[in-house]
Asker: 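Structure in C-alpha cells, see below.
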Amino acid sequence: MSGNGDAACAAPQRGAAPPFRTVLLWFRRDLRVSDNPALIAAVQAATSVVPVYVWAPEEEGQFQPGRCSRWWLHHSLKALEKDLQALGTSMVYRRAPESRIALIQLVEETGAQAVFFNHLYDPISLVRDNEVKAAMLGMNVHCQSFNGDLLYEPWEVLAAGGRPVTSFASFWSRLQDMPYPPPIPLPVPAAISAVPPEIVGLGLDSLGLMSPEEQQSNQQLYHSWTPGGKGAHALLEKFVADRLRNFSKQRAKTDRESTSTLSPHVHFGEISNRHIYYVVKRQGAKLGSMGGEWRDSTADFVRQMGYREYARYLSFHFPFTHERALLEHLRAAPWNFDQRHFKAWRQGRTGYPLVDAGMRQLWSSGWLHNRIRVVCASFLVKHLLLPWQWGLKHYWDALLDADLECAALGWQYISGCLADAHPFSYMLDLKKESLRFDPDGNYVRRWLPVLARMPIKYIHRPWEAPDHVLEDAGVELGVNYPYPLISAKESEAALARAAEIIQQSVVSHSSELIPFRPASDPSALRNSNDASAPTPSSVDMVGGKRRRGRNGEAAAKTAGAFQAAAARARNPEYRGYDHAERTAHLAGEAAQVPQVSFAGRLAGEDGSTDPGLSNGAAGGNAAAAAACNGTSNPCRSAAAPGAACSEVQRTDPTLSDEVVVSNNISTACIGHGDTNATSGAQRVRGGAQDRSAPGPDAEVPSVEVVEAVVPCMSGDNNHAVVPGKPDAGSGSKPRCL
DNA sequence: TGAGGTTTATT
DNA sequence: ATAAACCTC
C-alpha cells in the first residue's frame, strides 16, 4: 500500500464523525472524479465538500494558456461539472488575480477547516501552491495535498546521495525497479454532499475561457475532440483495442491514427495516467505471449508515458528548465535573433514543405504529431539558430495539449541541452525525415494545398523542380510558395560555426564557470534540502495541528520536498548545483549581457501577401496594425505603458512590413510577460491566437532569453549581431536561392 | 553462422 | 555522438 493508499489516513474511523465539517476541494489539472486522491480524501474527511475551480491566469505570467488550451479547459470543466452533478454536488467557480486570494475568501465564506488538492510540478505551481499553504497555515487551516498525477513522486526516485538523476535512462530503470507499484487507481466516490446554497460562484461561461471572437476558430475543434473524462476513457478504449498492438511499428506515421491522442486529456487530468498505465500494462501482460508486437508496443507506450513522468521530475528538481538550459553550455549559443525568420517559421513560410505543413497544422488545428513537432522544433533551433525559448512559447500558445513540463523537456532535448540528447551540433536530416514521415507527400498536400499538385519527386524540395514541373503544378516560387529561407548548406555551416563558439566557451569557462555536464557534478543540489525526503507518500500536511498520525513524518518530509522545490523555483540563480561560488563571475558576465527579448510586430501581411496561407486573415489584421500604429501598443509595462516600442519602430521595405525591434525591450516588456496586441484582459479571453483577428504573425511571444551571452538586436538593420559570425546579417533579407 | 556495415533512436 | 537493432555476405 503506497501512494493513494495513504489518503486513507485522512479517513475517519468507521462510525466516527469526519474530522472536518467543511473541506475545500481545489481542482486544477485533475479534472476528474475517478482516481482522484484529493477528492476521495475530502469525501472521507469532511461532512461537507466544496469543489472549487479558480481561474487566475495572470499568475501564470507569460504562460497563460492559449486559445485551444482554453477551449479545452472550458469543455473539460463543463464535463466535470456534469460528473459532479451526477454525484450530487456542483462546482464553485471563482475568478481572481491569484488563486490564493480566492481560496482565502472561500475559506472565510464557507468556514472550511481544510483545503485538499492534488500536486502540480511546474515551476509556477510549485511557488503558488507553497504560498497557498503558507496562507492556510496562517489562517490555521489544514492543507493537504496528494499525488494525483504521477506513478511516483519526484523525490521517490533518486540517485545515490539523494540527488536527482539527470538522464532518462537511469530515471526509467529506477522507476521500473521500484520496490512497490504505482498507486492503484481509486474509485469514483459514491456520492458527494451538495454545496451549501449560500456559497455562490460564477457560471462557467462568465469565466471567459472562450471569447466570442474565438468561436469561429474553435468550431473545427468540436469535430476532432471530446474533452472530458468520458471522451478520454472512450479514446483510451478505442486506442487499446485498435491501435496499441501496432503502436511500436506505427507511431512514426504522421497521420493522426497512429498515436493515442490522449495528451490533452492527460494534461488536464481528465483521465489518470495511472489508470492508463495499468490498462496498458494489463493488456501487455495478457497478450504479450501472443506476439512480440504486443510486448514491444505496450513497453513502448508506457515509455512514452515515462517521458511525461520524467518531464515533471525534471521540472520539480530543476524548476527553471522552461526558460534556461539544463546544461549551461548553451549560454554561449550565438542565436540569430531574426524576427523575419521567426515569423516565417510561425506562419509556415520557411520554404521547407514538411516544416511549413507542420507549422500550419499546428496553427490551424492546435495539434501536431510528435514527430512533426520534433521536425519543426529542430528546424527552428538548428536551421534558423533561433532560441528554443521562442519556439517553446509559440508551441505553448498554439498547442491544444500545451504542457509546460513536457515542452521544457522536449525543447531542451531538441536543442541539445540535456545530458542524454543529441549534441547541439547535430542537425536533423530534413530530406530523410520527409521521406520517412511523409513518403507520398500526402501530409504536405493536406496542409499546404498550394503544393497539392506537385509530383512526389519534388514535393519536399520544390526549389529543385524544373520550371515546367512547377508550372504544371501551379506553383510560383517566391509568389505562392516561398523559396527556402536558408539553404541546407548555409544552415549547416552556420550551425557548425555556432557549435564551435559554444565549444570554445565551454573550454574556456568550464573550469571555473560551466560544468558541461552538471549531471555528474558531485556538488549538484548541495543547496537543496530535499535530499532527505525519499519516503514514499502522497500525503502532504502543512499547518495541520490536527492529524499527525502515523503518516505525519512522511507527510512532513513531502512538505519539505515541496518547500525546497518552491524555493528552487523562486531562486533565479538556481542551476541545479551549488551556485554561490560562481555568482560573482556570473554577475560580471551579466553586466555585459543585455537581456534579449523581442517584441516584433508585423502588420498587414498574412493572407494578403501569402495566398498560400489559408489560415491567414487576409487584410483583416486590424488589431495587429493598430498595435503598430500606436493605437494600442504591443509593448506594455505596468510602469510605462507603451514606452518601449515607439522609439525603435522600423519599416523594412523588403517585406512591406513594419518591424518593431528593440535592444532593451526586455526591461519594458518582460516583467509584464505579455506583449500581445490586445490588452491583458482581452488576451486572457484569448486575443492570443484568435484567427478571426490576428494570425500567427500577430502572436508575439515574449520570451526572456536569459542565457544568451552577447547577441542583441540591432536597431539599425534589424538583424542579430553575432560576434564571431562573419556574415551576421545574412539572415536579414528574404532569401531567394 | 558471425563479422562487419547500415539504419534507427535517443526527450 | 553513440549504442542498439538490423542488414548482408
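Chain identifiers are assigned alphabetically (A, B, ...) following the order of the sequence lines, protein sequences preceding nucleic acid strands; residue numbering begins at 1 within each chain.
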Asker: If you look at every strand shown and take non-hydrogen atoms under 4.0 Å, does A:F168 touch a base, only sugar-phosphate, or nothing?
Answerer: sugar-phosphate
Asker: So with a 6.0 Å cut-off around CZ of A:R446, is the heavy-atom count from everything else above 12?
Answerer: no
Asker: Can you check the A:E293 CD to C:dA5 P distance for me, whole Å?
Answerer: 18 Å
Asker: In this structure, how many angstroms lie between the C1' atom of B:dT11 and the CZ atom of A:R371, rounded?
Answerer: 10 Å
Asker: Mind checking if A:N370 touches a base, just sugar-phosphate, or nothing, with heavy atoms under 4.0 Å?
Answerer: base
Asker: Grab the CD-C1' distance between A:Q412 and B:dT11 for me, whole Å please.
Answerer: 10 Å
Asker: Please check if any side-chain donor atom of A:E156 sits under 3.5 Å from a side-chain acceptor atom of A:Y180, or the reverse.
Answerer: yes
Asker: Distance check needed: B:dT11 C1' versus A:L428 CG, whole Å only.
Answerer: 13 Å
Asker: A:S170 and A:S173: side-chain donor and acceptor closer than 3.5 Å?
Answerer: no
Asker: Between A:S125 and A:D122, do the side chains contain a donor N or O and an acceptor N or O under 3.5 Å apart?
Answerer: yes
Asker: Among the candidates B:dT11, B:dA9, C:dA1, find the nucleotide nearest to the side-chain atoms of A:R303.
Answerer: B:dT11
Asker: Could you tell me the separation between the CZ atom of A:R251 and the P atom of B:dT8, rounded to a whole number of Å?
Answerer: 14 Å
Asker: Mind calculating the distance between CZ (A:F247) and C1' (B:dA9) to the nearest angstrom?
Answerer: 14 Å
Asker: Measure the distance from CE on A:M427 to P on C:dA1 and round it to the nearest whole Å.
Answerer: 14 Å
Asker: In whole angstrom, what separates A:Q304's CD from B:dT11's C1'?
Answerer: 9 Å
Asker: The side chain of A:Y426 lies closest to which of these nucleotides: B:dA9, B:dT11, C:dA1?
Answerer: C:dA1
